[in-house]
Amino acid sequence: MRALDAGERVVTTGLVLQELLQGFYGPKAHEQIVDRLSALPFVVPDREDHIAAAALRNQCRKRGVQIETIDALLAQLCIRHDLELLTTDDDFSQIARHADLRLWQGAVPNG
């Protein structure tokens, strides 16, 4: 919300929408997720993103880091579009150690 309030560019992708919809049940949750994410522009992967995501996944695997196919594609989209990724998933921290993936630090509470 702080990023939106500050006028920062905030985008999502169909992969995120799908994962959220798969994780919550009931028509009310479904409607809220679709409604809220419909306000954000979508970043859509193309052929080159899939090729680069496979290379990223292979690069991480060679360094002992196993990542899911979808996570590799999400990371690739962020890298290609120079976006910071908002996540609490530590897998992306592992990817960021081996690629130019930037994680949004505003998500970390001050403590």
Side-chain angles (χ1 to χ4, degrees):
M1 290 305 297
R2 288 182 294 179
L4 288 170
D5 290 341
E8 294 183 37
R9 179 177 175 225
V10 177
V11 299
T12 193
T13 184
L15 301 166
V16 171
L17 175 62
Q18 181 178 341
E19 285 200 348
L20 286 172
L21 290 172
Q22 291 170 177
F24 292 93
Y25 299 101
K28 186 173 182 175
H30 177 92
E31 182 180 316
Q32 287 177 341
I33 291 167
V34 171
D35 183 57
R36 290 184 177 147
L37 289 184
S38 69
L40 300 176
F42 263 34
V43 174
V44 180
D46 65 15
R47 179 187 309 267
E48 294 305 313
D49 289 314
H50 289 281
I51 293 168
L56 175 62
R57 188 167 187 258
N58 291 338
Q59 173 186 335
C60 287
R61 187 176 57 228
K62 285 180 186 175
R63 295 184 173 139
V65 176
Q66 295 293 327
I67 59 174
E68 298 294 324
T69 298
I70 295 300
D71 291 349
L73 185 54
L74 287 171
Q76 169 55 31
L77 286 171
C78 290
I79 293 166
R80 175 181 175 196
H81 293 281
D82 194 29
L83 300 168
E84 289 178 291
L85 179 64
L86 169 63
T87 184
T88 57
D89 186 336
D90 189 51
D91 289 345
F92 290 102
S93 297
Q94 298 294 322
I95 297 169
R97 290 188 182 129
H98 304 290
D100 292 330
L101 176 63
R102 296 182 302 124
L103 303 178
W104 192 59
Q105 299 303 312
V108 179
N110 294 333

Task: Flag, side chain of Thr13 to backbone of Val43, donor-acceptor distance under 3.5 Å - done: yes
Open item on the list: Check this for me: Asn58, atom CG, are more than 12 non-hydrogen atoms of other residues, nucleotides or ligands nearer than 6.0 Å?
Closed with: yes
Open item on the list: Can you confirm whether more than 12 heavy atoms, excluding those of Arg36, are under 6.0 Å from its CZ atom?
Closed with: no
Task: Leu83 and Trp104, any side-chain heavy atoms less than 4.5 Å apart - done: no
TODO: Working to the nearest 0.5 Å, report the span between CZ of Arg63 and NE2 of His98.
DONE: 6.5 Å
Open item on the list: Quick test of your reading of the model: are Asp46 and Arg80 salt-bridged, counting only N-O distances below 4.0 Å?
Closed with: yes
Open item on the list: Rounded to the nearest 0.5 Å, what separates atom SG in Cys78 from atom CG in Asp100?
Closed with: 12.5 Å
- [ ] Grab the two heavy atoms, one from Pro45 and one from Leu77, that are nearest each other, plus how far apart they are.
- [x] CA-CD2, 3.7 Å
TODO: Evaluate the side-chain proximity of Asp91 to Gln66: yes if any heavy-atom separation is below 4.5 Å, no if none is.
DONE: no
Open item on the list: If hydrophobic clusters are built from ILVMFWY residues whose side chains come within less than 4.5 Å, do Ile51 and Leu74 share one?
Closed with: no
- [ ] Calculate, to the nearest 0.5 Å, the distance between atoms CD and CG belonging to Glu68 and Asp89 respectively.
- [x] 9.5 Å
TODO: To the nearest 0.5 angstrom, please state how far the CZ atom of Phe24 sits from the CD1 atom of Ile33.
DONE: 5.5 Å
Task: Side-chain heavy-atom pair Leu21, His30 within 4.5 angstrom cut-off - done: yes
Task: Heavy-atom side-chain contact between Glu19 and Leu15 under 4.5 Å - done: no
Open item on the list: For Glu31, I'd like to know if atom CD has over 12 heavy atoms of other residues, nucleotides or ligands within 6.0 Å.
Closed with: no
- [ ] Would you give the length of the straight line joining atom OG of Ser38 to atom CG of Leu17, rounded to the nearest 0.5 angstrom?
- [x] 9.5 Å
- [ ] Evaluate salt bridge (charged side-chain N to carboxylate O under 4.0 Å, His left out) for Arg57 paired with Asp71, printing each intermediate quantity in order.
- [x] CA-CA 9 Å; Arg57 188 167 187 258; Asp71 291 349; over 6 Å; no
TODO: Without swapping roles, check the side chain of Gln76 against the backbone of His50 for a donor-acceptor pair under 3.5 Å.
DONE: no
- [ ] Any chance you could measure His81, atom NE2, to Ile79, atom CD1, to the nearest 0.5 Å?
- [x] 11.0 Å
TODO: Kindly work out whether a path of hydrophobic side-chain contacts (I/L/V/M/F/W/Y, heavy atoms less than 4.5 Å apart) joins Tyr25 to Val16.
DONE: no
Task: Side-chain heavy atoms of Val11 within contact of Phe42, under 4.5 Å - done: no
TODO: Identify the residue among Leu56, Ile95, Thr87 that makes a side chain to side chain contact (heavy atoms under 4.5 Å, CB included) with Leu101.
DONE: Ile95
